[in-house]
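A short write-up of the structure that comes next.
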Amino acid sequence: MFRLRGISLLSWRAFQLRHFSCEPLVIQMQNCTDEEQIFGLIERNTATLSEHQVGCAFDVLWQFQKQKTNLGRNVECVRNHPQFLTLCNVTANHLETMSDHTLVNVLYIIRQFAVESHHPLVEALVTEAWKRLERFDTNVLSIFSTCLADQHLYFSPLMGKIADIVNRNLETIQDMRALSVLMVSISSLISRCFQERLVNKAELLFDTVDSSKVNTARRILLFLRNIKCSYYPLLERCNKVLTSSVSHLDLESISKILSLYQSLQFHSFEFIEVSRRRLMEMIPGSSGYPESFVRLFATLGPVAGPEIKKQLESTILLMSEELTSQQVLTVLGAMEDMESRNAHLIKKTASVLYKYLDNYKSIELLKVTQALSCLHFQNKEFFVKLRELILSRLEASITPSEICILVSALSMLPFPHFNETAISRIEAVLPQCDSKELSDFVSSLMRWIQNDHKCLANTTRKQLNLLQKLDHWGHHRLQQSNSLDLLWEELKSLKGEWLHESFVEESVAALQCFADEIDCTNVAKIASFLSKTNYLSTLLLDRIASVVVQQIEKIHPFSILAITLPFSVLNYDPPQRDEFFGACVQCLNSYVGTLDPITLVFLGFSLATLEYFPEDLLKKIFNIQFLARLDSQLAILPSTLSARVQFRLMELNRAVCLECPEFQIPWFHDRFCRGHYNKDIDVMNGAQQQIYKMLAEVLGGLRSQSITPGKSPGIYWESDTSRVESSLPPESERCVLRIALEFLDVRAFCSNIPHLKGKSAMKKRHLEILGYRVIQVPYFEWNSMALSTKDARMDYLREHIFGAGKS
């Protein structure tokens with residue numbers, strides 16, 4: 001009986017204990033409200049924790065962090081808690097029995113808690129995951145790839161194995177979220193062919209993406225940025241998702257998206273507009289927190305209106321002393337983008353920068369130098385210290401990229417005296433440099449030569465010798481290219497005087513060798529390059545036109561401007577002129593409403609230069625709603641770009657009024673032109689001044705420099721000296737002899753043949769429509785031996801004006 005009673009009491013106690021903790025441990029964990037409760041459960045159940053319970057504990061701990069703001073997270077506190085270490089130790093004993101998802105999820109979470117890559121548990125988790133790699137489903141594989149990327153293992157054999165698995169299974173993958181994660185992770189080590197397959201697969205699956213899944217769209221942008229591919233159909237779809245979701249985006253997300261758009265050279269005025277409104281709502285909540293406000297200043301400042309910019313600058317000035325080295329650098333970059341002229345803020349920012357100069361990396365010193373130069377900051381003490389710091393880094397640097405950065409920074413400093421250290425460091429790394437680095441070195445040297453007026457003859461000789469060596473290595477790299485893709489990698493880095501003076505003929509000749517490889521995928525970038533060369537290659541332009549006519553359905557409307565530009569700049573009509581321009585305009589028609597207004601203005605002007613005036617396109621441009629959109633966009637553009645767009649719109653307006661009066665598009669740039677006339681009326685180069693004085697003698701005092709608003713500056717003469725009417729197009733019934741004389745310098749012609757370029761040809765056309773007899777004086781005639789004397793030049797002018805020799 002006593003035995004039965006003992007058993008009964010034991011059973012009752014067991015029942016009581018079970019009642020006390022009748023819920024499974026997993027449910028208890030899920031019901032916890034903070035980390036301490038989780039750690040309490042771990043402490044009481046350490047000996048009995050299963051692999052499922054371990055996974056649940058990590059899950060709940062990370063959920064607590066995700067529910068907090070960035071400022072409220074206590075990652076370090078949790079990571080250093082004794083029971084977190086206990087949890088890690090228990091986890092190590094259950095690796096082999098964990099499910100694939102739990103294994104990889106635990107790895108992901110402990111990395112979120114900033115556990116070091118060399119921690120034994122991290123290494124054990126990665127090793128176990130590697131063993132199971134082939135059996136992972138797409139979702140688990142994507143999470144594992146993120147863990148590897150977080151450890152900077154982009155080029156590891158393990159990441160290569162993941163890329164191989166994705167390549168083999170790409171056709172069966174249907175999860176767009178997982179695919180976008182994998183695309184970003186493996187983007188550093190995949191071939192161009194694989195890149196194209198991934199882009200096509202993403203485009204195919206994108207319709208399955210919910211409009212609220214902004215992270216997937218953002219990852220696709222990141223992938224395109226990583227592979228340096230602006231694939232417009234996919235960019236448009238991403239932009240549509242992101243624009244519709246801006247109201248749900250935080251400051252960090254908007255900032256990253258705008259940065260990605262800038263890297264991809266993708267302009268979405270709609271996204272900027274809705275983002276600007278969203279960012280303005282964040283101003284009150286960010287003003288008390290330097291970290292948040294600095295990001296807001298850098299994101300909103302460049303696209304804000306004048307009043308908001310003033311408000312942002314006032315607030316950042318008050319907190320300038322609290323800024324860290326990285327925050328003040330961010331502020332400086334934003335001020336450069338904003339073209340800030342707040343002298344007090346510039347001076348204050350520079351004083352804070354001065355304290356941190358020693359802590360900055362080489363690329364950051366370049367950013368400081370470039371920004372302060374743009375902001376016209378002047379302080380001898382600051383620049384002396386900056387120069388000494390750059391030189392000390394330069395002496396110790398051994399990598400071409402860093403030497404290139406430091407030399408560039410050195411050349412931007414005020415009064416950049418040439419330095420022997422720079423030339424020795426450049427010469428030491430020349431064989432290792434790629435085309436971009438070679439091109440940057442040339443730009444720095446040219447800047448030195450132009451700005452350093454105290455150069456000694458011996459120093460200048462050394463600079464010129466170095467330029468010759470740079471030319472040698474540039475030609476060497478160009479000659480090694482055996483396909484259009486490899487050639488393009490070299491050509492895209494060539495720019496400025498180096499391209500025009502040293503490489504233009506060889507570059508065009510190399511492109512002509514690969515003309516058959518030009519297709520719809522590369523036609524826009526080849527055309528864009530040709531427009532920079534000023535070199536008329538009919539073979540390449542005819543090939544471009546042929547590709548467009550045959551493959552127009554595969555060419556995105558965003559590429560049309562780049563494609564038409566070389567024809568416009570170089571004043572060339574291909575044999576298939578009507579078919580070519582017709583195909584371009586037809587491609588645009590369905591996109592006119594969504595194309596960037598600035599792009600349409602430049603495109604309209606490009607076509608007008610070639611005497612091609614699509615009526616529907618022009619009437620959409622010269623429309624009240626379109627011009628209102630353009631005005632709102634001009635308000636947030638950098639001043640130089642805004643002025644250029646306005647000038648192109650004026651030129652397009654003038655061309656349409658003069659050449660297509662039947663369209664009945666009004667002339668509305670009279671005031672704009674008068675403003676430019678007042679600025680430019682006294683601007684003449686040496687040759688123009690010389691010709692102007694000779695005209696006074698040739699015409700016997702009957703002269704006037706009469707510039708019609710809407711016409712470019714030049715020398716215009718009327719027999720009765722009356723001023724030219726200011727309206728466009730003028731309807732003068734008087735019979736008056738009008739002569740317009742223009743000096744054409746080297747910029748008016750193609751670089752390889754004396755073929756008049758598009759803008760000069762259009763100007764001549766317009767002056768003739770206005771009733772002028774146009775006399776264009778080419779530089780190669782005016783500066784020839786035949787016209788080496790004043791009398792010969794006087795005879796030349798008389799002959800062209802009066803049609804006879806000297807009188």
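In this structure, F266 and F558 have tilted ring planes: the angle between them lies in the 30° to 60° band. Between F647 and F672, the ring planes lie tilted relative to each other; the angle falls in the 30° to 60° range.
In this model, no donor atom of one side chain and acceptor atom of the other lie less than 3.5 Å apart for S751 and N534. For the residue pair T138/D175, the side-chain donor-acceptor check at 3.5 Å is not satisfied. Of the N and O atoms on the side chains of H669 and N653, at least one donor lies less than 3.5 Å from an acceptor on the other residue. Using modelled atom types and a 3.5 Å distance limit, the side chains of D485 and S483 yield no donor-acceptor pair. Judged by distance alone, the side chains of Y261 and N239 do bring a donor and an acceptor atom under 3.5 Å apart. A side-chain N or O of E236 and one of H556 form a donor-acceptor pair less than 3.5 Å apart. S502 and D471 share a side-chain donor-acceptor pair at under 3.5 Å. Side-chain atoms of R197 and N167 form a donor-acceptor pair, as typed in the model, at a separation below 3.5 Å.
Comment: E742 does not engage K764 in a salt bridge, judged by the lack of any side-chain N to carboxylate O separation of less than 4.0 angstrom. Looking at K436 and E490, no side-chain N of the basic residue comes within less than 4.0 Å of a carboxylate O on the acidic one, giving no salt bridge. Electrostatic pairing of E615 and K619 counts as a salt bridge here, judged by a charged N lying under 4.0 Å from a carboxylate O. For the pair R765 and E768, the salt-bridge criterion is not met [side-chain N within less than 4.0 Å of a carboxylate O]. At a threshold of 4.0 Å, the pair D440-K495 counts as salt-bridged, since one of the basic side-chain nitrogens sits closer than that to a carboxylate oxygen.
Although no hydrogens or angles enter the test, the distance criterion places a donor-acceptor pair under 3.5 Å between the side chain of N571 and the main chain of L756. Judged purely by atom type and a 3.5 angstrom limit, S408 has no side-chain atom pairing as donor or acceptor with the backbone of C404. Remark: the backbone N or O of L570 is paired with a side-chain donor or acceptor of H755 at under 3.5 angstrom.
In this structure, R648 satisfies the cation-pi test against F605, with its NZ or CZ atom closer than 6.0 Å to the six-membered ring centre and inside 45 degrees of the ring normal.
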